Number of protein chains: 2
Amino acid sequence: MSTELLAYPSSVDGACCAPLVRQPLAAAEATDLARTLKAIADPARLRLLSLVAAHENGEACVCDLTEPLGLSQPTVSHHLKVLVDAGLLTRDKRGVWAYFALVPGALDSLAAVLSTAGDTTARSSALTPSC
Amino acid sequence: MSTELLAYPSSVDGACCAPLVRQPLAAAEATDLARTLKAIADPARLRLLSLVAAHENGEACVCDLTEPLGLSQPTVSHHLKVLVDAGLLTRDKRGVWAYFALVPGALDSLAAVLSTAGDTTARSSALTPSC
DNA sequence: GGGTGACATCGACAGACGTCGATTGCCCGA
DNA sequence: TCGGGCAATCGACGTCTGTCGATGTCACCC
């Protein structure tokens, strides 16, 4: 389940780049895409992604994120779980602390699906070789 | 309200490209971005965008969209309204029919915000000159 | 071994969302 | 002028979602 999002470029069977505006989306593909988009379509989760990415070493623990968000610890933990389940964040438990980091290329492949241009900005890593 | 999304690149005061992973998102910016993402974070609306884009001349009326979606006419009309309000679609009423078309550059600027790369694919049109 | 602190999970609640049938408004052709 | 048909709006319903306090779990330190 943790690699859910990374399945997009390959599961869209051939339509690797910019599939949204090239041909009508099938119901199943739309459901999958919507599931990932719903994960980031929340102010708290967008700020979490932003905070984690901007944190030193590109990783942060819950204690770093609770205060700047102004939300309770269970709520932050819940949002982080949603992002991890969507394949956008990784959880690395080291001792008592849990460190979260962006999955390389996850946001880029999402951006590539939305982009109407033929090329893609998702050239960083973790993408299908056919791209 | 129809230009809601187009306000992003300029309203993110300076952080025109890829602002999400560069610095922590402010609460107001996150709310605005989430509002637009919620508009497309739905299977029916994703398919609507796809159907409109793939239709001939890049525009389609409600009667073209109801059947392939398998939803009632009021529901389709509701989803289209959400997309228009989010600045992703334009409504052009000609006679009895209402034709919907993609706003050029809207999806691209959204993709640019999500992209972790420094550059942007949103070069088609309707973007801020500072990009 | 017991205490402490960080994080996850649970249960509950209010609010938002997607969907539909019924209705209304409106343009066009007869 | 009137009827037919397309699309928007309304009201209602069930479901999903975000949030919290309380509780559970586990690793570290004394």
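Chain naming here is simple, since letters A, B, ... match the order of the sequence lines and numbering starts at 1 in each. Predicted model, so just to flag it, every value in this text is computed and none were measured.
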Using only atom types and a distance under 3.5 Å, with no angle test, would you say the side chain of B:Ser50 pairs donor to acceptor with the backbone of A:Leu20?
yes

Short question: side chain of A:Ser115, backbone of A:Ala111 - any donor-acceptor pair under 3.5 Å?
no

Can you measure [X] atom [atom1] to [N] atom [atom2] for me and round it to whole angstrom units?
X	N	atom1	atom2	answer
B:Lys81	C:dC20	NZ	P	19 Å
B:His78	C:dG21	NE2	C1'	15 Å
B:Leu46	C:dC17	CG	P	16 Å
A:Tyr99	C:dA8	OH	P	13 Å
B:Leu69	C:dC20	CG	C1'	15 Å
B:Leu80	C:dG18	CG	P	13 Å
B:Asp42	C:dA16	CG	P	18 Å
A:Arg47	D:dG18	CZ	P	16 Å

Given C:dC7, C:dC28, C:dT9, the nucleotide with the shortest approach to the side chain of A:Pro74
C:dT9

Minimum-distance nucleotide to B:Val96 side chain [options: C:dC7, C:dG18, D:dC6]
D:dC6

Would you say A:Val103 and A:Leu88 make side-chain contact, with heavy atoms under 4.5 Å?
no

What's B:Arg94 touching, base or sugar-phosphate or nothing? Going by heavy atoms closer than 4.0 Å.
nothing

Return the 5'-most residue of the pair A:Ser77, B:Gln73 with respect to DNA chain C, ranking by each residue's nearest nucleotide.
A:Ser77

Could you pull out the closest heavy-atom pair between B:Pro43 and A:Thr31, with the gap in Å?
CG-CA, 3.9 Å

Is [X] near enough to [N] that one of its side-chain N or O atoms lies under 4.0 angstrom from OP1 or OP2?
X	N	value
B:Arg91	D:dA7	no
B:Ser72	C:dT19	no
A:His79	D:dT19	yes

State yes or no: do A:Val62 and A:Leu69 share one hydrophobic cluster built from I, L, V, M, F, W and Y residues joined by side-chain heavy-atom distances below 4.5 Å, directly or via other members?
yes

